Amino acid sequence: MTANIDQGRRQFIVSSAALGGGMMIGVNFPLLAQAAAEGVNEVTHWIVIQPDDSVIIRIARSELGQGSFTGLAMLVAEELECDWGKVRPEYADVNEHVRRNRIFGPMTTGGSRSIRDSHKYLREAGAAAREMLTTAAAKEWGVPASELTVSKGVITHAASGKSTTYGKIAPQAALLEAPKEPKLKDPKDWKLLGTSPARFDIPDKTTGKQIYAADVRLPGLVHASIAQCPVFGGKLKSVDKSKVEGMRGVKSVVTAEDWVAVVADNWWRANQALKALPIEWDVGTNGEVSSESINTFLRTGIDATDVPVARKDGDAAAAFAGAAKVLEAEYSAPFLNHATLEPQTATALIKADGVEVWVGTQNGEASIAAASEAAGVPLEKVILHKMHAGGAFGRRTAFNEFTKQAIKIAQTMPGTPVRLQWSREEDMTQGRYRPVSLTKLRGALDKDGNWIGWQVRQSEPSIAAAVLTQFLKDGIDQIGTRVFIDSPYGVPNYTLEYAMRNTHVLLGPWRAVAHTHNPFFRECFIDELAQAAGKDPYQFRRAMLEKKPKDLGVLDAAAKAVGWGTAPPKGVFRGIAVSDSYGSYSAAAVEISVKNGTEIEVKRVIVALDPGYVVHPDAVKAQIESGVVWALSAAMLEEITIDKGRVVQTNFADYPVLTMRHTPKTEAILMPTGGFWGGVGEPPMAAVGPALGNAIFAATGKRIRSLPLKHAGFSYV
Amino acid sequence: MIEFSVNGRAVQVDVEPEMPLLWVLRDELGLTGTKYGCGIAMCGACTVHLDGVATRTCVLPVSAVAGRKITTIEGLSKDGTHPVQKAWVQLQVPQCGYCQSGQIMAAASLIATDKKPSDETIETTMSNICRCGTYVRIREAVKLAATLK
Ligand code: FES
Ligand code: FES
């Protein structure tokens, strides 16, 4: 049964099918509908309070598994003083957002910024709502609001013995004007923030009930599989549709400028037909590009003489001229793919007066804009259903090509919902990749081994030029240069140069972006300098971070936890690194042992993190555990290469990622020092890779400068 | 017609015998808890129980399950109270959750035969990919699940 129910300004779909013992499957958005049906008591636009005292908190950012549904709701609930047990988060409706002049603020869920960007207005919403509710109760009782107390959604007037609940008073409160500057609690008075209530999104993720974009099932739904031109920028030349017409279940073959899709009644049939379809591509001018030719191109950036200067402190040339020792090294990193476990997927339905779309996205606004553009209808004519994403990591931010493709296919069959799911092969070869980089570093030491000069030259494709042009300044990528342009080390003479070398390979923000490889280059090179200076790498860093207490704080904590300065157990070797990012500070210490010279066992990884404040310690811990896996996977295993203009790797067989067998013991040190709000989704990764590289050097004397480490013959055991 | 049982119910499907069970479950029977991640038996997102044993279904032709018993994540327990599910909630394992049906089915199969799995057994049996990197918790949750009723 399916019902499309218009609830005034909201719309939802309930679809159910009885199967497997009366189980409900389908898409279910009961909360908004229920609120609408019962008359919405909106106490600020973030909060809906229902007669049964349940509190719906709207979440503008996406739940990607990082816990935003819980953490963001906590920020509101802390100030609201409601009963946490009665809180239910739901997505802030993107259509309503559009209709109400972007009332929910930014919806983007990237750059580790969900909490750090919205904590203030969310806490203020909670405080404002509390004020409105108490004011309404005070009015009703004819007593001063200052005499009321609130606890767990119950308002009490001690003198008269009167009490009411949020649910009862909400209709009156909803009519009041929200106070402009509600007073926020002092962090020391927080009761909920800093605790770890069970995450809202978890139970359904253990029962199969969680519906991802891939799982959307609607009456008459058809499935599509797509092939895009394997060489980025190429076009479709011809396709022989007759070869698959008449194949069982196949409904149609849809073509566009640079892709072909097969639509069938079952995704496997669509994909089988797609594989059988003779397709000819016009690959354009990039059909001979290879990893080798890209490397040669990057080399021109290292050799060039006219490269923009991104940072200049003191006089590096003079420092090098007078140096007692000069060190020089080149580091490199490959393209990487996100490989979200749910391949890119979107469902679209063309209706008489618009389009309806279901998609897992890191940015509801970007998705609705893309849908509007693709469908050629105004924003108000798009109904967007944000689904929890099956992994995101930056892949589902600005890019909505899969959303647009689903719409284009659906336009050929109005009234029929089309579910487009990319195959894993398509997902691997049509990614938005972490850029390659070739970076040359030079360091100058004086006769006492002090680090007096530093020259860094980055040569790489620009992520900003590709997707975030607001971060391009005078030919310098303000994102790609991070870690160097904002390096906290107090080197008196330092020059950073940035050679932009763009290729045809599509780029995207890959979890931590520049903080994936730049910390590896910087922190391993600093180890090289310490070694050349005959100094302890931890102490060498400390001396250069004198004026950076936060960096120093996490570095010291990681060093202490690993027992730096004491002898490790026999056969165990240590590495350490530090890197601030996304408003937070993190350091990592890694212990490894090495068998047969090249087989690395990572024994434990310690990450110390100072994000200013910790909203949900267990979720932050989970991000650290996750970040360690992500970082070790990239450092050792992951690599996308190019041949004949196309991505060589097609699936997890040739793009291996870390599995449990190689996941070490992880220790998370949360050390929030307060006074600032930093991110937690990306910062934990930054220092892990270089700490591993430095431990490998300590163990083997081999300095690895090219990622992934397997190139140097190393493997995990 | 190919007949087998899913979550205790007899089903008949009229599909190509070579269609992988995964797509029969997802697109013919509407059981979407079992996921597609790679299609080449590498990630484990498509794991179900075939006569009680964890099996990857993306390369398993439906003809091979004729007359046999399939349990999917939807049928693992009535109300999410299988010991593995309980342990998963208790230790707050999932992140994006997309791999977790497969992880849970693999873990349930493991503890059905090994009541005290060692780290090594867990690591060698559970090769499912979790791109979110929840492995640290999965390892602990499998051990916890083995102790729960
Ligand atoms: S989808 Fe079957 S193992 Fe990946
Ligand atoms: S929880 Fe996201 S892939 Fe495992």
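Within every chain, numbering begins at 1; the chains are lettered A, B, ... in the order of the sequence lines, protein sequences first and strands thereafter. All of these numbers come straight from a predicted model, not from anything done at the bench.
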Check whether T134(B) gets within reach of chain A through its side chain, its backbone, both or neither, counting any heavy atom under 4.5 Å. neither

Establish, from distance only, whether the side-chain atoms of R61(A) and Q362(A) form a donor-acceptor pair under 3.5 Å. no

Without swapping roles, check the side chain of E74(B) against the backbone of G33(B) for a donor-acceptor pair under 3.5 Å. yes

Under 4.5 Å from a heavy atom of chain B, the part of A389(A) involved: backbone

For the interface with chain A, which of K78(B), Q100(B), Q92(B) has the highest count of heavy-atom pairs at distances below 4.5 Å? Q92(B)

Residue pairs, two or more places apart or on separate chains, that pass side chain to side chain donor-acceptor pair (under 3.5 Å) and touch residues 33-44 of chain B: D215(A)-K35(B)

Could you check which of V89(B), V136(B), T72(B), I122(B) has the highest count of heavy-atom pairs closer than 4.5 Å to chain A? V136(B)

Check whether NZ of the Lys or CZ of the Arg R511(A) lies under 6.0 Å from the centre of the six-membered ring of W630(A) and within 45 degrees of that ring's axis. yes

Enumerate the residue pairs fulfilling salt bridge (Lys or Arg N to Asp or Glu O under 4.0 Å) with a member in residues 57-69 of chain B, sequence neighbours excluded, ordered by first and then second residue. D51(B)-R68(B)

Pick from S633(A), A622(A), P343(A) with the largest number of heavy-atom pairs that fall under 4.5 Å of chain B: A622(A)

Identify all side-chain donor-acceptor contacts of residues 142-149 of chain B below 3.5 Å with residues at least two apart in sequence or on another chain.
| residue | atom | partner | partner atom | Å |
| --- | --- | --- | --- | --- |
| K143(B) | NZ | D119(B) | OD1 | 2.6 |
| K143(B) | NZ | E140(B) | OE2 | 3.4 |
| T147(B) | OG1 | L144(B) | O | 2.6 |

Does R661(A) CZ have over 12 foreign heavy atoms under 6.0 Å away? no

Considering only heavy atoms and a distance below 4.5 Å, find which of V628(A), L632(A), T207(A) pairs most often with chain B. T207(A)

Quick one: does any side-chain atom of S77(B) pair with a main-chain N or O of T81(B) as donor and acceptor, under 3.5 Å? yes

Which answer fits N271(A), side chain, backbone, both or neither, if we ask what part of it has an atom under 4.5 Å from a heavy atom of chain B? neither

Choice from L221(A), V629(A), T663(A) maximising heavy atom contacts with chain B below 4.5 Å: T663(A)

Any side-chain heavy atom of T57(B) sitting closer than 4.5 Å to one from W23(B)? no

Classify the side-chain pair T516(A)/R434(A) by whether it contains a donor and acceptor separated by less than 3.5 Å. yes

Do the side chains of Y135(B) and I129(B) get nearer than 4.5 Å, heavy atoms only? yes

Can you tell which part of L76(B) gets under 4.5 Å to a heavy atom of chain A, answering side chain, backbone, both or neither? neither

Whatever's closer than 4.5 Å to a heavy atom in chain A on C132(B) counts as both

Among T32(B), V48(B), I73(B), find the residue that satisfies the side chain to side chain contact (heavy atoms under 4.5 Å, CB included) test when tested with S101(B). I73(B)

Most chain A-contacting option - heavy-atom pairs closer than 4.5 Å, from M126(B), R137(B), E120(B): R137(B)

Is chain A contacted by the side chain of M42(B), its backbone, both, or neither, given a heavy-atom distance below 4.5 Å? side chain

Under 3.5 Å, side chain of Y212(A) to main-chain N/O of C96(B), donor-acceptor pair present? yes

Looking only at heavy atoms and a cut-off of under 4.5 Å, which of D79(B), V93(B), V15(B), V24(B) has the most pairs with chain A? V15(B)

Close approach to chain B in residues 418-426 of chain A, criterion heavy atom under 4.5 Å: R419(A), Q421(A), W422(A), S423(A), R424(A), E425(A)

Part of E16(B) lying under 4.5 Å from any heavy atom of chain A: both

Whatever's closer than 4.5 Å to a heavy atom in chain B on P656(A) counts as neither

Between G391(A), A198(A), P203(A), G67(A), who has the most heavy-atom pairs with chain B when the cutoff is under 4.5 Å? A198(A)

Would you please test H388(A) and F69(A) for ring pair (Phe, Tyr, Trp, His ring centres under 6.0 Å) and show each step? CA-CA 10 Å; H388(A) 287 354; F69(A) 259 44; 4.9 Å; yes

Just give me the residue among D427(A), D265(A), N266(A), D204(A) that pairs up with chain B most often, heavy atom to heavy atom, under 4.5 Å. N266(A)

Would you mind telling me which of Q85(B), R26(B), K86(B) has the largest number of heavy-atom pairs within less than 4.5 Å of chain A? R26(B)

Is E625(A) salt-bridged to K665(A), going by a charged N under 4.0 Å from an acidic O? no

So which of H338(A), M660(A), Q210(A), K205(A) has the biggest tally of heavy-atom pairs under 4.5 Å with chain B? M660(A)

Is R217(A) salt-bridged to D27(B), cutoff N-O under 4.0 Å? yes

What part of L64(A) is in contact with chain B, defined as an atom under 4.5 angstrom from a non-hydrogen atom: side chain, backbone, both or neither? backbone

